[in-house]
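These notes are about the structure you will find just below.
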Amino acid sequence: PFITGLRYYFLEAAKEELQKEIFAQFDKFFSSGLKISHIDGHLHMHMHPTVFSILIEAATKYGVKHIRLPREPLIHTLKLRRRNLFNKLLWWTVFHLLSKSAVSRIEGRGFITPKTVYGLLESGAMTEDFVLGLLQQISSVTTELYCHPELYTPETENRLGEEEMMALLSSKVKKLLQERNIHLGTYADL
């Protein structure tokens, strides 16, 4: 992603290809008749300044108003887990700055985003204990928890995805949501 990001930023040909590709993806999606939930990107590449500019242009054209900005309060994660501290500090800094820039670019333009988004700093480790710890700390009016749930099969060999699935299905998580009067919703509910 780092080298790709440099190319996107400095090479005019890359910017032109990005523009074509992003608009082609929007065209393809909207020709399907499906309703779009929100905009995000693999590895949060949608936050790259060049990509983000094009996405906002396309979103405006197509009337898409919801976008994920990975604004994760660092303190909540560090209260629960400090492992991989250097990586957490690095990723939090990068995406904090990118999100801050993105907010200034969409402000007053009708875009809607959750106030906080959790999942970046514990990607692949949104386990039951971690989600329970987060839910006890959340105070934002709108918060997104994202993860990558998957049922384990010998072909996938993804135990982490299964742990994330179990966290989403957890009766303890459900009980805490009810106790804290936290209502589940989608981007459309924002």
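Being a predicted model, the structure only gives us computed values, none of them experimental. Quick note: residue numbers are just sequence positions, from 1.
Within the structure, salt bridge (Lys or Arg N to Asp or Glu O under 4.0 Å) contacts touching residues 43-56 (residues at least two apart or in different chains) do not occur.
When hydrophobic clusters are built by joining Ile, Leu, Val, Met, Phe, Trp and Tyr residues whose side-chain heavy atoms come closer than 4.5 Å, directly or via intermediates, Leu121 is not grouped with Leu145. When hydrophobic clusters are built by joining Ile, Leu, Val, Met, Phe, Trp and Tyr residues whose side-chain heavy atoms come closer than 4.5 Å, directly or via intermediates, Phe10 is grouped together with Phe2. Two different hydrophobic clusters hold Leu134 and Ile75 under the rule that ILVMFWY side chains link at heavy-atom gaps under 4.5 Å. Hydrophobic clustering of Ile, Leu, Val, Met, Phe, Trp and Tyr side chains at less than 4.5 Å, counting indirect connections, keeps Ile3 apart from Leu11. Linking ILVMFWY side-chain heavy atoms closer than 4.5 Å, directly or via other members, places Met47 and Leu90 in a single hydrophobic cluster.
Atoms CD and CD1, on Glu16 and Ile54 in that order, are 10.0 Å from each other to the nearest 0.5 Å. Here the straight-line distance linking atom CZ of Arg7 with atom CD of Glu17 works out to 10.0 Å at 0.5 Å rounding. Rounded to the nearest 0.5 Å, atoms NE2 (His48) and CG (Leu18) are 8.5 Å apart. To the nearest 0.5 Å, atoms NZ (Lys61) and CD1 (Ile56) are separated by 15.0 Å. Expressed to the nearest 0.5 Å, how far NZ of Lys175 lies from CG of Leu132 amounts to 10.5 Å. Taking CZ of Phe130 as the start and NE2 of His76 as the end, the distance is 10.5 Å to the nearest 0.5 Å.
Within 6.0 Å of NZ in Lys15 there are more than 12 heavy atoms belonging to other residues, nucleotides or ligands. Other residues, nucleotides and ligands contribute more than 12 heavy atoms inside 6.0 Å of the CZ atom of Arg180.
At a threshold of 4.0 Å, the pair Arg81-Asp129 counts as salt-bridged, since one of the basic side-chain nitrogens sits closer than that to a carboxylate oxygen.
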Kindly list each side-chain donor-acceptor pair under 3.5 angstrom involving residues 182-190, sequence neighbours excluded, with atom names and distances?
from, atom 1, to, atom 2, distance (Å)
His183, NE2, Asn181, OD1, 3.3
Thr186, OG1, Ala188, N, 3.3
Thr186, OG1, Asp189, OD2, 3.4
Tyr187, OH, Glu144, OE1, 2.4
Asp189, OD2, Thr186, N, 2.7

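The closest side-chain heavy-atom distance from Val117 to Glu72 is not below 4.5 Å. Within the 4.5 Å cutoff, no side-chain heavy atoms of Glu128 are placed close to those of Glu164. Using a 4.5 Å cut-off on side-chain heavy atoms (C-beta onward), His66 and Phe111 make no contact. Here the side chains of Phe86 and Leu89 are not in contact, with every heavy-atom distance at 4.5 Å or above. Contact check for Phe29 versus Val64: no side-chain heavy atoms found under the 4.5 Å cut-off. For the pair Leu69/Phe52, a side-chain contact is recorded, criterion being any heavy-atom separation below 4.5 Å from C-beta on. In this structure, the side chains of His148 and Met126 stay at 4.5 Å or more apart for every pair of heavy atoms. In this structure the side chain of Leu135 reaches within 4.5 angstrom of the side chain of Leu177, judged on heavy atoms.
Partners of Tyr9 by ring-ring contact (aromatic ring centres under 6.0 Å, His included), not counting sequence neighbours: none found.
Proximity of a side-chain donor or acceptor of Lys88 to a complementary backbone N or O of Arg83 within less than 3.5 Å is detected. In terms of modelled atom types and a separation under 3.5 Å, the side chain of Ser104 and the main chain of Ser101 share a donor-acceptor contact. Between the Ser31 side chain and the Lys28 main chain, a donor and an acceptor come within less than 3.5 Å of each other.
Using modelled atom types, one finds a donor on one side chain and an acceptor on the other under 3.5 Å when comparing Arg71 with Thr113.
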Exercise for the section: Before giving the answer on side-chain contact (heavy atoms from CB on, under 4.5 Å), spell out for Thr143 and Lys115 the whole-Å C-alpha distance, their side-chain angles and the decisive distance to 0.1 Å. Expected result: CA-CA 6 Å; Thr143 297; Lys115 182 71 175 159; 5.9 Å; no
Handout entry: Criterion side-chain contact (heavy atoms from CB on, under 4.5 Å) on Tyr118 and Ile138, from CA distance to verdict
Key = CA-CA 10 Å; Tyr118 294 93; Ile138 290 174; 4.1 Å; yes
Exercise for the section: Apply side-chain contact (heavy atoms from CB on, under 4.5 Å) to the pair Ser170 and Val131, showing each step before the final yes or no. Expected result: CA-CA 10 Å; Ser170 164; Val131 171; over 6 Å; no
Problem - side-chain contact (heavy atoms from CB on, under 4.5 Å) evaluation trace for Ile67 with His38 - result: CA-CA 5 Å; Ile67 188 163; His38 65 285; 6.0 Å; no
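Both tests pass for Arg68 against the ring of Tyr146: distance under 6.0 Å to the centre and angle within 45° of the axis.
The nearest pair of heavy atoms linking Thr127 to Ala167 is C-CB, 3.6 Å. In plain terms, the two heavy atoms of Leu43 and Phe95 that are nearest each other are O-CZ, 4.0 Å.
His44 and His46 have tilted rings, their planes meeting at an angle from 30° to 60° on a 0 to 90° scale.
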